[in-house]
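Structure first, commentary second.
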Amino acid sequence: MSTPGARAGLETFDDLNIEYENAYRDNAFKVACVRKAISLVPPGSRVLDVGCGTGIPVSQMLAEAGLQVVGFDISPKMIALASTRVEGSFSVSDMLQYRPQGDFAAVFIIFAQLQLSYADFHAAAYKFARTLVPGGVFVIGQMPADKYVKNIADYDETGTFVEDYDAPFMGEPLPTFMLSAQGQRDFLASMGLDIVSETIDMFQPKNPKCDPEEQQYIIAKRTSGAPLQPPKPLPK
């Protein structure tokens, strides 16, 4: 069942579609992260783009590298664009409803979690991480909370994340879910993934309404076939 956060994401991104793509597609830090991830998976591998949007640039880069792209997004308008411009299999769904079929060499969650609750993100991330083959990589991008949230009272009791916190997005405050930078690292490591690459830097979207954003990109690897553990902290 769709949750309030997922439905909010539908309203946000179905309205924006191409405007969002134009503002965020030329992000050197995102592009470098995706290129690095591509170099870590075997040619022709099957990969999942969670919240793929219009398919540009992430799904497009993956397809052009010869990978088998499976993507989904909650926005029908964005999926219509992705399906006509990128080679791959694309469908409309949200992160909670989507049921992945088979295994993947890489899973990408690039700013697809902004309006979820922590409980929703926890369930989705764990579900998708468990689809990774041994040696597969989990790639995530987010705005780390440290830059935007200074009052410890706004965080959960572990100091790891904030929910529904007004952060700048396309020139307006957007109720946003964010992990701290260390919280994101710990979240991935607690599942049993090894972090192999990380970048934190400032990006200026190509839209006069947008402020510069601090962004964090992490690539983590599933190094064995051992079962992954539920990420910490556990949701209440």
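Heavy-atom basis, side chains included; hydrogens, waters and symmetry copies ignored. As the structure is a computational prediction, the values presented were derived from the model and not from experiment.
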[X] side-chain N/O to [Y] backbone N/O, donor-acceptor pair under 3.5 Å:
{"X": "Gln216", "Y": "Ala181", "answer": "yes"}
{"X": "Gln113", "Y": "Gly141", "answer": "yes"}
{"X": "Arg35", "Y": "Val31", "answer": "no"}
{"X": "His122", "Y": "Leu234", "answer": "no"}
{"X": "Gln60", "Y": "Ala82", "answer": "no"}
{"X": "Ser75", "Y": "Asp73", "answer": "no"}
{"X": "Tyr148", "Y": "Glu214", "answer": "yes"}
{"X": "Gln68", "Y": "Gly44", "answer": "yes"}
{"X": "Arg130", "Y": "Leu228", "answer": "no"}
{"X": "Lys127", "Y": "Met95", "answer": "yes"}

Answer whether the closest heavy-atom distance between the side chains of [X] and [Y] falls below 4.5 Å.
{"X": "Tyr217", "Y": "Val139", "answer": "no"}
{"X": "Leu132", "Y": "Val137", "answer": "no"}
{"X": "Asn207", "Y": "Asn22", "answer": "no"}
{"X": "Cys33", "Y": "Ile219", "answer": "yes"}
{"X": "Tyr98", "Y": "Val70", "answer": "yes"}
{"X": "Met191", "Y": "Tyr126", "answer": "yes"}
{"X": "Pro144", "Y": "Met178", "answer": "no"}

Salt bridge (charged side-chain N to carboxylate O under 4.0 Å, His left out): pairs with one or both residues in residues 145-161, sequence neighbours excluded:
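Checked against salt bridge (charged side-chain N to carboxylate O under 4.0 Å, His left out) - neighbours excluded - the pairs reaching residues 145-161 are Glu157-Lys236.
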Among pairs that include at least one residue of residues 185-203, which meet salt bridge (charged side-chain N to carboxylate O under 4.0 Å, His left out), considering only residues two or more places apart or in two chains?
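Salt bridge (charged side-chain N to carboxylate O under 4.0 Å, His left out) check on residues 185-203 returns Arg185-Glu198.
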Would a hydrophobic clustering, with Ile, Leu, Val, Met, Phe, Trp and Tyr connected at side-chain separations under 4.5 Å, put [X] with [Y]?
{"X": "Phe111", "Y": "Met202", "result": "no"}
{"X": "Ile110", "Y": "Ile200", "result": "no"}
{"X": "Val196", "Y": "Val133", "result": "no"}

Please enumerate all residues that pass side chain to side chain donor-acceptor pair (under 3.5 Å) together with Ser180, with sequence neighbours excluded.
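Result, side chain to side chain donor-acceptor pair (under 3.5 Å) vs Ser180: none returned.
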Quick one: list whatever passes side chain to side chain donor-acceptor pair (under 3.5 Å) with Lys206, sequence neighbours left out.
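Applying side chain to side chain donor-acceptor pair (under 3.5 Å) to Lys206 gives Asp26.
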At what distance, to the nearest 0.5 angstrom, does [atom1] of [X] lie from [atom2] of [Y]?
{"X": "Ser117", "Y": "Leu96", "atom1": "OG", "atom2": "CG", "answer": "7.5 Å"}
{"X": "Lys77", "Y": "Thr54", "atom1": "NZ", "atom2": "OG1", "answer": "14.0 Å"}
{"X": "Met78", "Y": "Ser83", "atom1": "CE", "atom2": "OG", "answer": "13.0 Å"}
{"X": "Thr158", "Y": "Lys232", "atom1": "OG1", "atom2": "NZ", "answer": "12.0 Å"}
{"X": "Glu87", "Y": "Leu62", "atom1": "CD", "atom2": "CG", "answer": "12.0 Å"}
{"X": "Lys221", "Y": "Leu40", "atom1": "NZ", "atom2": "CG", "answer": "5.5 Å"}

Where does the angle between the aromatic ring planes of Phe72 and Phe128 fall among parallel (under 30°), tilted (30 to 60°) and perpendicular (over 60°)?
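The arrangement is tilted - the two ring planes meet at 30° to 60°.
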When you look at Asp49 and Phe90, which way does the side-chain contact (heavy atoms from CB on, under 4.5 Å) test go after all the steps?
CA-CA 9 Å; Asp49 190 0; Phe90 297 97; 5.8 Å; no
With a 6.0 Å cut-off on the ring centroids, do Tyr118 and Phe161 count as close?
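Yes, the ring of Tyr118 comes within the 6.0 Å limit of the ring of Phe161, centre to centre.
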So, Phe187 versus Phe121, ring centres under 6.0 angstrom or not?
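For Phe187 and Phe121, the ring centres are under 6.0 Å apart.
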For the student: nearest non-hydrogen atoms of [X] and [Y], plus distance:
{"X": "Val92", "Y": "Ile74", "result": "CG1-O, 3.9 Å"}
{"X": "Ser190", "Y": "Gln229", "result": "O-CB, 3.7 Å"}
{"X": "Pro205", "Y": "Pro212", "result": "CD-CA, 4.5 Å"}
{"X": "Leu188", "Y": "Ala220", "result": "CD1-CB, 4.2 Å"}
{"X": "Pro168", "Y": "Asp211", "result": "CB-OD2, 4.2 Å"}
{"X": "Lys30", "Y": "Pro57", "result": "CD-CG, 3.9 Å"}

Set of residues satisfying side chain to side chain contact (heavy atoms under 4.5 Å, CB included) with respect to Ser45, sequence neighbours excluded:
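By the side chain to side chain contact (heavy atoms under 4.5 Å, CB included) rule, Ser45 matches Val41, Pro42, Leu67, Ala105.
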Applying side chain to side chain contact (heavy atoms under 4.5 Å, CB included), can you list everything that pairs with Ser224, at least two apart in sequence or on another chain?
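Testing Ser224 for side chain to side chain contact (heavy atoms under 4.5 Å, CB included), a comparison that skips the adjacent residues, returns Ala226.
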